[in-house]
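The structure presented is a predicted model; accordingly, all values stated were derived computationally and were not measured. Residue indices begin at 1 and follow the sequence shown.
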Amino acid sequence: MAAKAFDTVVIGAGPGGYVAAIRAAQLGQSVAIVEREHLGGICLNWGCIPTKAMLRSAEVFHLMHRAKEFGLSASGIGYDLDAVVKRSRGVAGQLSGGVGHLLKKNKVTVIMGSAKLAGKGRVAVTTDKGSEELTAKNIILATGARARELPGLEADGDLVWTYKHALTPKRMPKKLLVIGSGAIGIEFASFFNTLGADVTVVEVQDRILPVEDAEISAFAKKQFTKQGMTIMEKAMVKKLDRKAPKVTAHIERGGKVEQHEFDTVISAVGIVANTENLGLEELGAKIDRSFVVTDQYCRTGVEGLYVIGDATNGPWLAHKASHEGVMVAELIAGGHPHAVDPSSIAGCTYCHPQIASVGLTEAKAKEAGYEVKVGRFPFIGNGKAIALGEPEGMIKTVFDAKTGELLGAHMVGAEVTELIQGYVVGRQLETTEEDLMATVFPHPTLSEMMHESVLDAYGRAIHF
């Protein structure tokens with residue numbers, strides 16, 4: 001059978017892959033996209049979207065218990081875990097179907113199957129109907145990643161879960177151990193804790209949420225502890241003894257090993273790129289700890305081969321993957337796009353309270369040699385936050401003392417995942433403290449705290 005020829009072939013239909021395919025098609029290319037599992041990839045089907053749907057259910061449940069604070073009455077408050085999961089899966093399904101519609105609208109050829117690089121400009125695809133070969137001048141690899149599993153802590157879907165199992169839980173955990181306190185671990189800890197589980201979080205580093213600013217991590221820990229979570233930092237789960245219906249975790253902390261009993265364990269210790277058995281090494285691509293090494297334009301050094309999203313350099317976030325998809329499609333079409341700047345990619349964690357950040361932490365800025373000015377503003381000083389019943393939180397901004405450049409912004413509190421884009425735009429436009437101070441923020445809004453934090457960095461805060 002003759003090979004089917006395209007201008008561009010995309011392998012993987014996650015956020016980066018399908019966006020790359022659509023943008024390339026918009027630019028006049030003939031495009032095929034190969035996906036082995038779900039249109040929309042992990043993000044839409046098993047990551048960003050369904051977890052947010054579940055966390056929204058937990059948030060509403062939490063607010064219902066606070067009805068009296070708002071002059072309301074509610075009784076018999078409860079939840080149906082199966083219904084919560086069903087809603088979550090429905091949201092994911094709706095969006096996955098939407099991706100299919102967008103690809104069809106843009107005349108992208110969709111092939112459901114497994115792909116492998118068969119040589120320069122060649123892709124071998126295995127489908128339910130057999131095998132075929134595609135040829136293209138440009139190949140964009142967007143195969144994503146999966147949960148990392150540590151020896152002895154592997155998931156079994158019953159007592160020990162990955163994020164996939166946690167998204168379709170067979171039961172409500174009574175006593176839950178979460179291994180790892182990055183975004184995935186903390187979001188599931190927050191969800192199950194809100195619904196009534198006794199949650200313990202174990203983090204090997206010296207603080208939870210280790211990529212965040214130290215002050216934000218400390219604030220979040222205080223809030224999680226107040227909510228009833230047990231936080232164990234500088235601790236490591238050495239092994240798990242499984243004897244249904246219980247798991248005994250051997251946790252080393254301070255040179256001593258303690259044994260704690262749980263009925264459920266969620267392992268959230270990072271990701272591994274899906275880059276095995278794709279023919280990358282044979283073509284000359286370099287791989288570092290499962291991730292393909294690329295330059296700032298996602299080029300691999302192999303002519304015509306690009307790698308985007310979670311299969312290459314971090315941060316491993318859907319919005320970064322999507323932007324890389326657009327960038328590579330425009331580069332292929334002869335454009336001159338700006339390279340993605342990892343330091344201007346915002347990170348968001350949708351726990352309660354929410355956490356969001358962009359740019360350098362205070363510590364990283366000092367390590368980089370900057371003389372800094374730091375501003376802070378608490379939620380308790382903001383009228384809208386008090387009116388919402390959300391007075392716990394803070395916004396922190398870090399500036400270069402010499403130039404006024406906004407080096408970083410860090411937030412914890414209600415709706416900060418929506419607020420952070422203001423600082424993201426500021427960094428993209430290379431704004432200074434003067435620009436931000438001169439901006440009129442609407443009242444009453446949570447965004448006023450962003451203004452006050454900037455003012456505080458220069459000793460000019462009004463409301464605190």
Between Thr264 and Arg171, does a side chain to side chain donor-acceptor pair (under 3.5 Å) hold up when you go through it step by step? CA-CA 9 Å; Thr264 310; Arg171 63 177 181 279; 3.0 Å; yes
Under 30°, 30 to 60°, or over 60°: which ring-plane class applies to His62 and His352, parallel, tilted or perpendicular? tilted
If the plane angle is over 60° it's perpendicular, under 30° parallel, otherwise tilted; pick one for His260 and Phe262.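 His260 and Phe262: tilted rings.
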More than 12 heavy atoms of other residues, nucleotides or ligands under 6.0 Å from [atom1] of [X]: yes or no?
X	atom1	answer
Glu69	CD	yes
Glu276	CD	yes
Lys175	NZ	yes
Lys137	NZ	no
His65	NE2	yes
Glu154	CD	yes
Met112	CE	yes
Arg36	CZ	no

Where the side chain of [X] meets the backbone of [Y], is there a donor-acceptor pair that is under 3.5 Å apart?
X	Y	result
Asp7	Ala136	no
Ser453	Met450	no
Thr194	Ser190	yes
Glu187	Tyr350	yes
Asp263	Leu176	no
Arg122	Leu134	no
Gln29	Val31	no
Asp213	Thr361	no
Thr162	Ala147	no
Thr300	Tyr306	no

With a 4.5 Å cut-off on side-chain heavy atoms, are [Y] and [X] touching?
X	Y	value
Leu446	Ile395	no
Glu233	Asp206	no
Cys348	Gln354	no
Lys4	Glu133	no
Val10	Val34	no
Lys164	Thr168	no
Leu280	Leu141	yes
Met394	Phe377	no

Measuring from atom [atom1] of [X] to atom [atom2] of [Y], what distance do you get when rounded to the nearest 0.5 angstrom?
X	Y	atom1	atom2	value
His443	His451	NE2	NE2	14.0 Å
Glu203	Ser181	CD	OG	3.5 Å
Asn382	Glu452	CG	CD	8.5 Å
Arg87	Asp80	CZ	CG	13.5 Å
Arg376	Met449	CZ	CE	16.0 Å
Ser290	Ile271	OG	CD1	7.5 Å

With a 4.0 Å cut-off, would you call [X] and [Y] a salt bridge?
X	Y	value
Glu215	Lys221	no
Glu448	Lys384	no
Glu281	Lys286	no
Asp156	Arg242	yes
Glu324	Lys320	yes
Glu330	Arg23	yes
Arg66	Glu390	yes
Glu392	Lys222	no
Lys174	Asp198	no

Start with the C-alpha distance between Glu212 and Ser217, add both sets of side-chain angles, then the distance that settles side chain to side chain donor-acceptor pair (under 3.5 Å), and finish with yes or no. CA-CA 6 Å; Glu212 300 295 342; Ser217 294; over 6 Å; no
Taking the six-membered ring for Trp, are the ring centroids of Phe188 and Trp161 within less than 6.0 Å of each other? no
Exercise: identify the closest heavy-atom pair between [X] and [Y]:
X	Y	answer
Ala268	Ile184	CB-CG2, 4.1 Å
Ala409	Tyr423	CB-CD1, 3.2 Å
Gly17	Ile308	N-CD1, 4.0 Å
Leu317	Ala346	CD1-O, 3.5 Å

With side-chain contact (heavy atoms from CB on, under 4.5 Å) as the criterion, how do Ile33 and Thr109 come out once you've worked through the C-alpha distance, each side chain's angles and the decisive distance to 0.1 Å? CA-CA 6 Å; Ile33 189 166; Thr109 299; over 6 Å; no
Please say whether the positively charged group of Arg89, taken as NZ for Lys or CZ for Arg, lies over the ring of Trp46, i.e. under 6.0 angstrom from the six-membered ring centre and within 45 degrees of the axis. yes
Checking Thr275 against Phe291 for the side-chain contact (heavy atoms from CB on, under 4.5 Å) test, could you report, in this order, the C-alpha distance in whole Å, the side-chain angles of both residues, the deciding distance, and whether it holds? CA-CA 7 Å; Thr275 52; Phe291 300 99; over 6 Å; no
Asn193 vs Leu195, test: side-chain contact (heavy atoms from CB on, under 4.5 Å). Steps then yes/no. CA-CA 5 Å; Asn193 184 74; Leu195 294 189; over 6 Å; no
Do [X] and [Y] pair up side chain to side chain, a donor and an acceptor below 3.5 Å, judged on atom types alone?
X	Y	result
Thr126	Ser114	no
Thr294	Asn313	yes
Arg427	Ser343	yes

side-chain contact (heavy atoms from CB on, under 4.5 Å) between Val178 and Thr200, intermediate numbers included: CA-CA 6 Å; Val178 177; Thr200 296; over 6 Å; no
